[in-house]
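In the text below, chain A, chain B and the rest are named by the order of the sequence lines, each starting its count at 1. Basis for what follows: all heavy atoms, side chains included, without hydrogens, waters or symmetry-related copies.
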Protein chains: 4
Amino acid sequence: MDTEGDAGNSTEDDPGNRAGEGDAASDTQDAIMGATYRALCEHGYANLTMQDIADEFDKSRSLLHYHYDTKEDLLLAFVEQMVGWIGDRLAETETEDPLPRLEEYVDRFVIEPGESDRQTFALAIIELRVQAVHHPQFREKLRSHYERNVETVAEILADGIEAGVFRDVDPERVGEAIYTAMVGARTYQVTLGAEDATRRMRDAIAEFVATDLLVADRDVAEYAG
Amino acid sequence: MDTEGDAGNSTEDDPGNRAGEGDAASDTQDAIMGATYRALCEHGYANLTMQDIADEFDKSRSLLHYHYDTKEDLLLAFVEQMVGWIGDRLAETETEDPLPRLEEYVDRFVIEPGESDRQTFALAIIELRVQAVHHPQFREKLRSHYERNVETVAEILADGIEAGVFRDVDPERVGEAIYTAMVGARTYQVTLGAEDATRRMRDAIAEFVATDLLVADRDVAEYAG
Amino acid sequence: MDTEGDAGNSTEDDPGNRAGEGDAASDTQDAIMGATYRALCEHGYANLTMQDIADEFDKSRSLLHYHYDTKEDLLLAFVEQMVGWIGDRLAETETEDPLPRLEEYVDRFVIEPGESDRQTFALAIIELRVQAVHHPQFREKLRSHYERNVETVAEILADGIEAGVFRDVDPERVGEAIYTAMVGARTYQVTLGAEDATRRMRDAIAEFVATDLLVADRDVAEYAG
Amino acid sequence: MDTEGDAGNSTEDDPGNRAGEGDAASDTQDAIMGATYRALCEHGYANLTMQDIADEFDKSRSLLHYHYDTKEDLLLAFVEQMVGWIGDRLAETETEDPLPRLEEYVDRFVIEPGESDRQTFALAIIELRVQAVHHPQFREKLRSHYERNVETVAEILADGIEAGVFRDVDPERVGEAIYTAMVGARTYQVTLGAEDATRRMRDAIAEFVATDLLVADRDVAEYAG
DNA sequence: CATGAATGAGTTTTCATTCAT
DNA sequence: TATGAATGAAAACTCATTCAT
């Protein structure tokens, strides 16, 4: 289940998911990833310096180079981390029924104007995605993340079709369209400050689902069955 | 009519299309804008240097500063130029009927794998859009451009509704959804190399239009009329 | 005529060989070469930094990079310059007779304890020569310089043989031995502080020449011819 | 007897030739010296880092500092070790007769193109000798080593003179000239890649010895005696 | 003994910007 | 206009050294 928004934030703003002592190396590396995230959100990829990252870090700048040979290495590790933060939550949901599950999925994209953390997180992903054009390694990681998300929607759709809830559409195509449309709305909201763009797109998709995707006599059929 | 794709390309790939001598200042500034465009596409915003721009230019770096005090000034002028290149073609179309006009509009977003110029142009816009977060001045320009595009789709829809071709939806909402979805697909295709993402989204929207937007008995009505 | 010792010193300590205004670029580059020379002598190759060079220079550090992209480029240019400084004087002499010419040549290697400039210059060459092991480009330049010097001695010997002054030895072999021996003595003197090592080698060679190289009855033969 | 070439090689290419357990401290320090030698040869003095040495070692960088406070301390110890490796073999020979002994001595300098170990070892000495200029402590050690070598040749010559084999030359002077010339040739060969330079110098010296140093009627005298 | 982590000073290099011509 | 030269601030990266364990 996609929760690009809050997943990351909670994870590294509150990296409390380590038990006991942990190993120092891992601690430090986690801290570096967190610092990188904060610095990226604050300064933007284009202006991000090692110093910016160090400033969000309670250790010295040199230590960044101790753990990652180059800035590029560090950022590549960060992309992996970022994808990991999101990916871990991809399948999380307790909802089983296809329709509410789809609604829940789409709902999670909505960013309220006040949720600056989620806005910020979304921006970070967009920034990295743009860099992907120039960095093949970034691209591979972000692309497979994107495809995994599309796949998640497709599965919900496939489940619904099988259950007779949704019309017999191509789950891949429609799934990609839904995910891509939500990502587009999020990009619009985050980059150009279009308040409520995600909410409007959520509503548009909900309407599309109601009007066009749901099997017309679903309620009847269901109760009939 | 949105033609972000080819509008820019023809314009700055061939920036020699002005008549007569013109005034030298303008010539030079146009050349700088063209060079900036090429440099941006080649290096990406994050790595763009004044030297990169000068290299795409047959003049010296100093001259850039003669025309624009700072790099930021230059880039701000570039954003304006960029929006202008697109905007000039916004209303261009010979199609009048709402349905084909909508189809034409959406069609123009499709980027074929081989069209690297259009891909490149789309990328430039995306790069700038991301920077908009950190540059309020960029944001204003790009946002109004975005809204103008949404408005164009909305008008097509409004025309169609008025003509009885389209169902009575909210033209703003649906227009924004359509435009945003296409932009999302374009971003996906360009940044992550998802070949045919724009084509698939175009098809999805076409299907949505046919199934959900067209007035059911349109053909009948039309021929009846 | 080889005068590795004083050639360089006079050249860049007193770069008065430019006419009138000259071009600034060349002036500056000459100044950089001079500064590099002084910094090299003071700090040694192993510890030489761009800052050290800048400190011997009346311009900024950045300017070094303006003229030479990297430290390595600068040092390669310096090696060329160094070889040039020496090479220009290679053929200079007014002496014609082979024996005095050979004596003059060997004599010029002698470094008196007080001649710190020449000592310093000799050291610079030795430092570069050691680096040649790790830098093929240095190696080529320094090797051809070495060979040119050997050739010069060989020519003196060949002249002397032809004139019947010297015994019929292989000029190349003996020339290389003489030059190499003098260079070895200079290295000994300069690196290990062996005062008078060059003078002692000069004397040894002079004795060798007198005892072994000169045609025994030269005077007689000459006049007889 | 000088065997700078092979002496070192056998010693540190195979630093495992100590019996039994030995004391650990010494073992480690020997290993550090060996690693330093290899690192020096590979990277050159100018680029030699503690990390380079540690890389040739199966232990950590920190351990180097445990045994030697500073890099300079380590290198000073290394110079001593180096001189020791050579010095131990200085007097080794079974030859008694002055002429063959001198020939043997000079012969040992010859480095065949394929003998990369000996080339490498010679280079290490040259690198250190250049540093001697800036490090008085290095200088003392290397200078006394040099003088000891000169002395060895001088003794051979003195023996030969006393035995009536050699002409009555100044053994110190001629010995220094011979040793210095061979070192010069070795430097030429090793730093500038002059293949066979040592062999040619050996031949030149051999000829000098035959022509100029041997007592003219030596063979007669000898057999007559 | 031995190490990984950490640091600070220093090194090369980059880059927007200025200036004299 | 137009440029090459020049600069200073800051960037990434290096490295000897220290320290807790």
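- Atom-to-atom distance recorded for B/Leu75:CG and B/Leu40:CG is 8.0 Å, nearest 0.5 angstrom.
- Using the Watson-Crick or G-U wobble rule with both distances under 3.5 Å, F/dG8 pairs with E/dC15.
- Put simply, CG on A/Asp30 is 16 Å from C1' on E/dA5, counting in whole angstrom units.
- Between C/Ile53 atom CD1 and E/dG10 atom P the separation is 18 Å, expressed in whole Å.
- Residues C/Thr49 and B/Asn47 each lie close to DNA chain E; by heavy-atom proximity, the contact nearer the 5' end of the strand is made by C/Thr49.
- With rounding to whole Å, D/Ile32 atom CD1 is found 11 Å from E/dC1 atom C1'.
- The phosphate of E/dA6 has OP1 or OP2 within less than 4.0 Å of a side-chain N or O from A/Thr28.
- In this pair, B/Phe78 and B/Tyr37 present their aromatic rings tilted. The plane angle is within the 30 to 60° band.
- Here F/dA6 presents its C1' atom at 15 Å from OH of C/Tyr68, a figure rounded to the nearest Å.
- For E/dG10, the paired nucleotide is F/dC13, the pair qualifying as Watson-Crick or G-U wobble because both relevant distances are below 3.5 Å.
- In this structure, CG of A/Asp55 is placed 15 Å from C1' of F/dA12, rounded to the nearest angstrom.
- Side chain of B/His67, nearest nucleotide from E/dT17, F/dT1, E/dA2: F/dT1.
- Whole-Å rounding puts the C/Leu64 CG to F/dG8 P distance at 13 Å.
- By the 4.5 Å heavy-atom criterion applied to side chains, C/Ile125 and C/Met82 are counted as neighbours.
- Nucleotide F/dT21 forms a Watson-Crick or G-U wobble pair with E/dA2, both donor-acceptor distances falling under 3.5 Å.
- Between A/His135 and A/Tyr45, the ring planes lie perpendicular to each other; the angle is over 60°, past the 30° to 60° tilted range.
- In terms of position along DNA chain F, the nucleotide closest to C/Phe57 lies nearer the 5' end than the nucleotide closest to the other residue of the pair C/Phe57 and A/Glu72.
- In this structure, NE2 on C/His67 lies 4.5 Å from OG1 on C/Thr28, to the nearest 0.5 angstrom.
- Listed for the A/Lys71 side chain is a donor-acceptor partner under 3.5 Å among the backbone atoms of A/Leu48.
- The side chain of B/Leu63 has F/dT3 as its nearest neighbour among F/dC13, F/dT3, E/dT17.
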What nitrogen or oxygen pairs link the protein and nucleotides 18-20 of chain F at under 3.5 Å?
none

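- The shortest side-chain heavy-atom distance between B/Ile53 and B/Arg38 does not fall under the 4.5 Å cut-off.
- Among the protein residues, D/Leu48 comes within range of the sugar-phosphate backbone only, with heavy atoms under 4.0 Å from sugar or phosphate atoms but none that close to a base.
- Across the protein-nucleic acid pair, C/Asp58 atom CG and F/dA5 atom C1' stand 13 Å apart, rounded to whole Å.
- If A/Met50 and B/Ser60 are placed on DNA chain F by their nearest nucleotide, the residue sitting closer to the 5' end is B/Ser60.
- Taking CG of D/Leu64 as the reference point, atom OG1 of D/Thr36 lies at 7.0 Å (rounded to 0.5 Å).
- Contact check, B/Tyr66 against F/dT1: no side-chain N or O comes under 4.0 Å of OP1 or OP2.
- Whole-Å rounding puts the C/Gln29 CD to F/dA6 P distance at 10 Å.
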